[in-house]
Amino acid sequence: MSKVDAWQFTGNDATFSLKNPDLNSYLYFPLANEAGMMSCITPTLSGDIKTGQNSFLMTPVSAEDLHLSRSSRNFWIYKEGMGAYSAAGVSAKQIANRDSGAESSTLEAGLLWHKITRENAEFGIRSEITSFVPCESDTVELSKIVITNISQQEADITPTFAVPVYGRSADNIRSHRHVTSLLQRTEAEKYGVTVKPTMLFDERGHSVNRNTYSVLGAQGNGQPPAGFFTDVEDFIGEGGTLDWPKAVVENLPPKAVVGYRSEGYEAIGALRFKKVTLAPGQKAVFIVALCVNGRNIAEKYLSEEKFDRYLQQTKAFWQKKLNINFHTSDRELDLWLKWVSCEPVLRRIYGCSFLPHHDYGRGGRGWRDLWQDCIALLLMEPEKVSEMLFQNCAGIRFDGTNATIIGAGKGEFIADRDNITRVWMDHAAWPLNTVELYINESGDLDFLLREQTYFKDRLIMRGKAADTEWGEEYGTKLQCENKRPYLGTVIEHLLIENMTACLNVGRHGMLRLENADWNDALDMAAQNGESVAFSSMYCGNLKALSALLRRLKGDKKVTHLELAKEMQILFDGFKKAETPVQKQQFLKDFCNTCRHDISGVKRRFAVDEIIETLDGMAQRLAVLIVENEKVSSTEGYTWLNGYYDNDSERVEGEKNGVVRMTLTGQVFPIMFSVSDDKLTAEMVRAADRYLFDGSTGGYRLNTNFNELKMNLGRQFGFAYGHKENGAVFSHMTIMFANALYRRGFAHEGYKALETLWHHCMDFEKSRIYPGIPEYINQRGRGMYHYLTGAASWLMLTLVTEAFGIRGEWGNLVVSPKLLAQQFDKNGNCACERIFAGRKFKVVYHNPARLDYGSYAISNATLDGMQKEIKNGRLELTQEELHALSRDKLHIVEILLKEKNSDD
Ligand code: G1P
């Protein structure tokens with residue numbers, strides 16, 4: 001078989017092109033803006049468009065619908081003497097002939113726009129269709145369609161743009177699809193068709209609908225369409241289909257003119273434009289807009305000049321927003337990373353729903369994802385994120401659990417979607433990780449002392465009981481006995497989260513798995529499961545908390561914290577409880593104090609004592625993990641067990657010839673220094689032996705357990721090599737790399753990164769556009785593209801670890817862990833990023849192209865001024881940083897030279 005065409009970068013702004021993209025399946029591309037427009041578009045203009053779960057303009061699509069459904073954006077041409085042709089490549093005839101080579105297409109896409117050029121010599125037409133969502137406050141998707149007569153003769157063409165308008169909630173796909181069509185009210189207006197259903201159909205309580213969905217268009221510079229079809233059945237005709245509609249195939253006159261109304265039918269926005277005669281080489285231009293609740297859309301966007309202007313503005317917007325740039329020996333990689341840096345922004349917009357693979361969820365953002373996406377956002381737009389972090393703290397319950405879904409608005413928290421009460425044992429670990437990064441980047445220690453409310457709903461006792469006294473009138477803010485909302489500092493929130501988690505231990509002294517940890521698919525061991533993996537993370541968190549407290553004391557002279565008096569129970573639990581049963585009792589006593597309200601009384605706690613208590617527990621936990629959880633195989637490899645199942649059995653190790661090992665079980669002990677260097681090296685060796693698979697992107701999430709483990713989770717029902725059951729799951733693979741870098745295992749970390757990104761960039765294998773997908777499946781295909789926590793972690797790892805440009809209590813520290821092969825042929829390597837509101841470009845010069853481990857910084861300058869090297873690194877203090885101008889790019893140049901033996 002011939003090699004497939006692969007995408008290629010075409011410029012320096014991450015634009016890429018791909019020949020005949022429609023010869024690949026499952027490709028899709030996001031188009032979105034911060035106003036909440038969420039589109040997805042395929043090479044044949046399929047996909048969907050929505051602003052939320054209940055407002056889909058096009059019919060919602062799952063990955064399979066991308067080839068199943070005929071409902072798509074389409075631009076039809078009826079050419080006298082030749083018949084019907086789809087400029088999107090989607091007519092029954094063209095689909096059947098897709099492989100014949102009669103038609104060629106090329107995709108070009110950039111941040112965040114999509115252009116497809118299609119040419120059919122026999123039909124004599126070339127079409128270029130450019131689509132984007134402007135970075136304005138409108139929820140609109142725009143396309144410009146340029147049709148060129150490439151034949152030698154004059155061509156008479158009749159154009160029709162057509163998009164079925166679904167116009168309702170995704171839920172209605174299998175909840176009264178037909179009945180909800182009876183709610184549709186469709187009207188032909190000057191520039192197009194608008195659908196406004198009468199009601200939002202929901203049998204739990206119908207309500208008046210306020211959403212309108214419009215398909216608008218103009219020819220040239222603002223000429224409205226000549227007529228319309230507003231109902232799908234009129235457009236396709238009896239016996240017709242959306243890919244062979246009679247309205248086009250038979251060139252029927254438009255059924256509707258301005259003012260036409262239709263009620264109770266599946267709607268379509270089919271805009272029939274005036275017939276045009278094109279001389280050879282001549283072009284006709286059309287602009288179309290698809291909008292939800294649009295206002296003045298026609299006036300604002302429907303001309304070529306306006307379209308081009310907004311497109312330029314949108315391109316510039318994304319280029320500016322995505323402000324991290326890399327320069328390494330691999331130019332392709334540098335550009336590919338631009339797409340990765342876009343992904344956290346996309347996930348802020350789409351949540352974990354609304355792209356074809358993400359066919360679950362109902363919008364909103366999940367707790368752990370929200371906090372981790374903030375990591376990349378912190379690196380790119382720190383000023384905005386600080387407030388977001390603060391607001392998110394209001395999602396923490398006083399018992400240490402939290403709301404699971406966060407809406408777009410301030411303070412919009414939802415406890416359990418689909419009314420499932422679940423507690424994920426890792427949730428409480430992530431906020432501290434992100435807050436710690438924020439404080440290191442900004443130096444804003446005062447953040448810890450800001451006061452915030454706690455989340456309150458009917459769930460109490462860490463999801464195990466309900467507060468029957470609670471009702472909606474109480475609201476979602478925990479109250480004191482005097483009925484005022486209780487306010488506690490951010491550090492109090494973080495202490496509660498981590499201390500309660502550490503008391504919630506199972507039989508082996510490890511933290512209970514509850515309904516899952518990071519791995520959502522370990523959801524069947526709620527009673528007796530334990531996550532050793534995340535016990536390590538919490539252990540690291542206790543150490544991080546005491547480091548923050550030391551700093552608060554040192555820098556801010558905070559010797560005491562005012563904390564809720566109920567927290568005494570947690571401190572006692574930490575100090576006095578020895579057995580798991582005792583720990584659980586303290587936890588229960590604590591949870592009992594906040595069943596409905598809490599006292600509201602604060603007490604002073606000495607910072608030194610808190611530090612000692614936290615450190616003591618961290619130390620005991622670490623010892624327990626390393627002493628009890630080492631497992632090995634008969635071949636002589638050693639690693640750490642990550643889990644106990646619901647029968648309280650150790651999950652990992654070797655039994656009956658089957659080696660069971662998880663990557664997660666290794667990542668967190670390494671990341672949080674629970675394993676020492678020797679053990680870490682052994683764990684890496686075992687991961688290389690049992691988890692590494694170069695042909696699917698590197699380190700897999702687990703070995704094949706070859707068993708349906710009903711006492712651990714749904715993961716074991718998935719086919720091996722897919723999603724959480726042993727795929728190369730990008731997020732964990734990248735966290736593995738991050739952990740290794742943190743510990744100075746840069747070569748090992750790089751290997752994890754490199755194998756994964758090379759796989760993603762190999763289009764023939766991964767079949768995805770540039771960027772990192774959630775995972776690589778058993779056949780090597782990239783799955784769940786664009787919305788993954790892996791993106792944030794990859795940016796974090798490269799910027800703060802490999803390039804070593806990071807914050808330490810607000811100071812900028814520069815200390816690289818780059819490998820020889822990352823330097824270009826002149827021995828240079830660079831990274832641009834914002835820090836303290838200033839733009840920096842850090843350029844490393846390594847003329848001898850020395851490898852990590854053999855070089856040291858021998859000289860450093862900032863904007864040409866000599867800087868001192870201390871402890872082998874450059875450190876710019878907050879004062880120095882603040883003296884720098886905000887407007888210019890500051891250049892840091894670092895010279896790397898052979899390390900002296902005494903370095
Ligand atoms: C997804 C979820 C994440 C979860 C992971 C593993 O990962 O978003 O919350 O931890 O699956 O179950 P992601 O796509 O972010 O990499």
Side-chain angles (χ1 to χ4, degrees), residues 30 63 340 342-377 402-406 417 422-431 433-434 513-525 529 531 533-534 537 642-643 662-665 667-668 697-702 712-718 722-738 752 756 760 768 771-777 782-797:
V340 174
C342 185
E343 295 186 34
V345 182
L346 291 174
R347 202 154 78 156
R348 188 167 66 186
I349 297 172
Y350 290 84
C352 290
S353 313
F354 303 136
L355 283 178
H357 278 126
H358 297 80
D359 53 1
Y360 46 73
R362 306 167 57 80
R365 289 163 299 153
W367 182 261
R368 81 166 72 83
D369 298 338
L370 172 86
W371 287 94
Q372 288 175 85
D373 293 343
C374 286
I375 292 175
L377 303 175
N402 50 266
T404 55
I405 307 288
I406 288 82
R417 77 173 153 221
R422 268 183 86 166
V423 172
W424 283 265
M425 67 80 71
D426 67 311
H427 272 190
W430 300 106
N433 200 54
T434 308
L513 180 58
E514 298 280 0
N515 304 107
D517 63 8
W518 168 89
N519 186 338
D520 282 329
L522 294 179
D523 56 351
M524 294 165 79
S531 171
F534 277 86
M537 181 162 184
Y643 295 93
T662 68
L663 186 59
T664 317
V667 168
F668 297 99
Y699 292 97
R700 290 175 179 273
L701 202 45
N702 51 271
L712 193 51
R714 66 172 185 243
Q715 140 177 2
F716 299 96
F718 302 164
H722 296 264
K723 227 174 184 305
E724 280 97 342
N725 191 12
V728 172
F729 205 100
S730 309
H731 192 189
M732 194 50 73
T733 305
I734 304 280
M735 289 198 284
F736 184 48
N738 180 280
L756 183 51
C760 296
I768 49 169
I772 192 162
E774 180 184 272
Y775 72 94
I776 309 292
N777 79 9
M783 303 293 288
Y784 293 70
H785 197 7
Y786 295 113
L787 307 180
T788 165
S792 269
W793 278 84
L794 181 48
M795 298 313 288
L796 178 76
T797 306

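Starting from 1, each residue takes its place in the sequence as its number. Numbering of ligands and ligand atoms starts at 1, following listing order.
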S.K.: Is N433 close to I375 at the side-chain level, that is, under 4.5 Å between some pair of heavy atoms?
M.R.: yes
S.K.: Between H357 and E774, is any side-chain donor less than 3.5 angstrom from a side-chain acceptor?
M.R.: no
S.K.: If the criterion is any heavy atom closer than 4.0 Å to an atom of ligand 1, which residues make the list?
M.R.: R347, C352, R368, D369, W518, N519, D520, E724, F729, H731, E774, L787, T788, G789
S.K.: Can you name the ring-ring contact (aromatic ring centres under 6.0 Å, His included) partners of W424, sequence neighbours left out?
M.R.: H427
S.K.: According to salt bridge (charged side-chain N to carboxylate O under 4.0 Å, His left out), who are the partners of R368, at least two apart in sequence or on a separate chain?
M.R.: D426, D520
S.K.: Of L756, I768, L787, T788, which meets side-chain contact (heavy atoms from CB on, under 4.5 Å) against P773?
M.R.: I768
S.K.: Apply ring-ring contact (aromatic ring centres under 6.0 Å, His included) to Y775 and list each qualifying residue two or more places apart in sequence or on a separate chain.
M.R.: Y784
